[in-house]
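Take a look at the structure below.
Every value quoted in this text rests on a predicted model; they were computed, and no experiment measured them.
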Amino acid sequence: MRIVFYSSNSNYYEEQSFINKTFPSFDKLWQDFSSSYKEHTFFALSQKPAMFMPSNCILVDTYDTKEFAKKILELKPDLAIAASFWITPYDWLPLKDSFIADELRQAGVKTICHSKETALLCFDKYRTAAFFQANGFNHAPGLFVDHDLFFCAGNQAEVCDNVYKESVYRQLKEMEYPLIIKNPVGLSSYGMTVVNSYSEAYGYLNSKKNNSNRLIEKFLQGQQFGAEIYGSNGNYTIMPPFTLSVNQYGITSPKLCQKTGPVRAPEYKLDELKKELLRLAQCLKLDGYAQVDLIFSNEKWYIIEINPRLSGMTTTYAASAGMNFYEYIFKAVTTGLEKIELKDVVNKKIPLQTEEELEKLSQDENILFLSQIENKAAKQEREKGYCEIIYRAASSQSF
C-alpha cells in the first residue's frame, strides 16, 4: 500500500527563529519504521514547522485546501492518515485537516481523520461543554460570556442599561468559587485565569484582559490527568491516564507540565474511566487520534476538554510502550494497540540545554526520547523554549 501521513498549518512560520532537535531524530525513526514495513511505501507531507515529521517530508506551500489535497493525490495513496499538530493562538489545525480529508474521500482515497463536525465541536470549548451536557458526561458547569454583548452599550448609543451584562453578573454571584476563565477557542491552558471571588471575576471581565468571548467554569478541585484515544468506526484503543503536574494556580502549564504514569492504582476507578472514554469516542465518532484532559475529583472522573490530534502525550505513550514513534501512531489507528505493555515513565520539561548538554543527555540509557524547541526571536524568558525529556521511572510503582 501507498500510505501518506499529512498535516497542515494555518500560520506563518519563521523558520530562521526556531531550532528544533530530537534524540533519536525523527529522520532515524522514520527510516527504521519504513524499513520495518517494506510491504508499504510511506510518504510524509506537511506544512512548516511539520511537527512530528521527518526532515525529508514533502513540504506544501499553499494554504488552499483543494491544492493541498491535490499534492497528496499526486502521490496516488491507498490510505491517508491525518497527523494533526497544534499552533498558537488557535487549536484549529484538526479542523483544517478535516477539510483536506473531505477532498481526499471525494477522490476515493480512504482517509483516517476526524470529521469537520467532530473537529469543530472539540475546537470550540463552548460547543464541547454543550456536548458534555447533552450526553451526560461529568464536566465542570460553566457560563459563556459573549464579548460583543457584554460591551455592546459602548457601541449602541440608544442603550442605557446593558441587560446582558447584568445577567452575567447575576449568574456569577450564584456560581461556586473558585472559577477558571478561559478563551473557548484558545490553545490548551494559554491565557487561563483563576478567580477566587465575585469581585475578582467582575474585575477581570471589565479589564483589558477580556478581549474576546470567555468561558467561565467551576474550578474543580482534584488531581489532573491526560489520556489518549485512538481508532475509528467503533474500534478504539483507550490508553490508561498519566498524571499531570500543575502550577501555583492549579493549572497544567504547557511549558512546565510533568507527565507521570501510566496510572495503575485501583483507587482511580480505571475501568469506569475506560468505559466512559469509550462512550466518548463513540458519541464523537472519533476517527484518528485524540487527547483528553481529565480531573479526578471526589471519587469521580470529569472530562475537561478534548484535543483531536497528536499531542505531547503521544511521544510519551510511544516511549512507555518501547516502540518507534511512527510504528506506534501507525498501529494506533490501523491494527490497534491493545496488546502492548506499558512501562513506567516520566515526561519532564527542563530549561534549554546547550549542544554539549543535549549530546550528553542523549547518551543516557534511561532517557527514551529527548526534544528541544528554542525560539531565537523570543523577547520574554517564557517564550525562549524548553527541553523535554522522557525517561524511565526510577523504580516500578503504582501511580
Between Tyr391 and Phe369, is the ring centre distance below 6.0 Å?
no
Keeping Tyr386 on the side-chain end and Glu374 on the backbone end, is there a donor-acceptor pair under 3.5 Å?
no
Pairs satisfying salt bridge (Lys or Arg N to Asp or Glu O under 4.0 Å), at least one member in residues 192-220, at least two apart:
Glu176-Lys218, Lys182-Glu217
Given 3.5 Å as the limit, does a donor-acceptor pair link the side chain of Asp287 with the main chain of Asn233, or not?
no
Do the side chain of Ser297 and the main chain of Leu220 share a donor and acceptor less than 3.5 angstrom apart?
no
Do the side chain of Asn347 and the main chain of Gln258 share a donor and acceptor less than 3.5 angstrom apart?
no
Do the side chain of Gln171 and the main chain of Ser167 share a donor and acceptor less than 3.5 angstrom apart?
yes
Criterion ring pair (Phe, Tyr, Trp, His ring centres under 6.0 Å) on Phe18 and Tyr13, from CA distance to verdict:
CA-CA 9 Å; Phe18 291 89; Tyr13 179 67; 5.3 Å; yes
Looking only at the aromatic ring of each residue, does the gap between the centers of Tyr177 and Phe219 stay below 6.0 angstrom?
no
Reference residue Tyr126; test ring-ring contact (aromatic ring centres under 6.0 Å, His included); the match among Phe131, Phe144, Phe132
Phe144
Using only atom types and a distance under 3.5 Å, with no angle test, would you say the side chain of Lys96 pairs donor to acceptor with the backbone of Ser84?
no
Got a donor-acceptor contact below 3.5 angstrom from the Trp92 side chain to the Val185 backbone?
no
If we check ring-ring contact (aromatic ring centres under 6.0 Å, His included) with Phe52, which of these qualifies: Tyr326, Phe325, Phe85?
Phe325
Test your reading of the model: is there a side-chain donor-acceptor pair from Asn9 to the backbone of Lys48, 3.5 Å cut-off?
yes
Are Tyr230 and Tyr328 close enough that their ring centres sit under 6.0 Å apart?
yes
Ring centers of Phe242, Tyr317 separated by less than 6.0 Å:
yes
Look at the side chain of Asp91 and the backbone N and O of Leu187, then say whether any donor-acceptor pair between them is shorter than 3.5 Å.
no
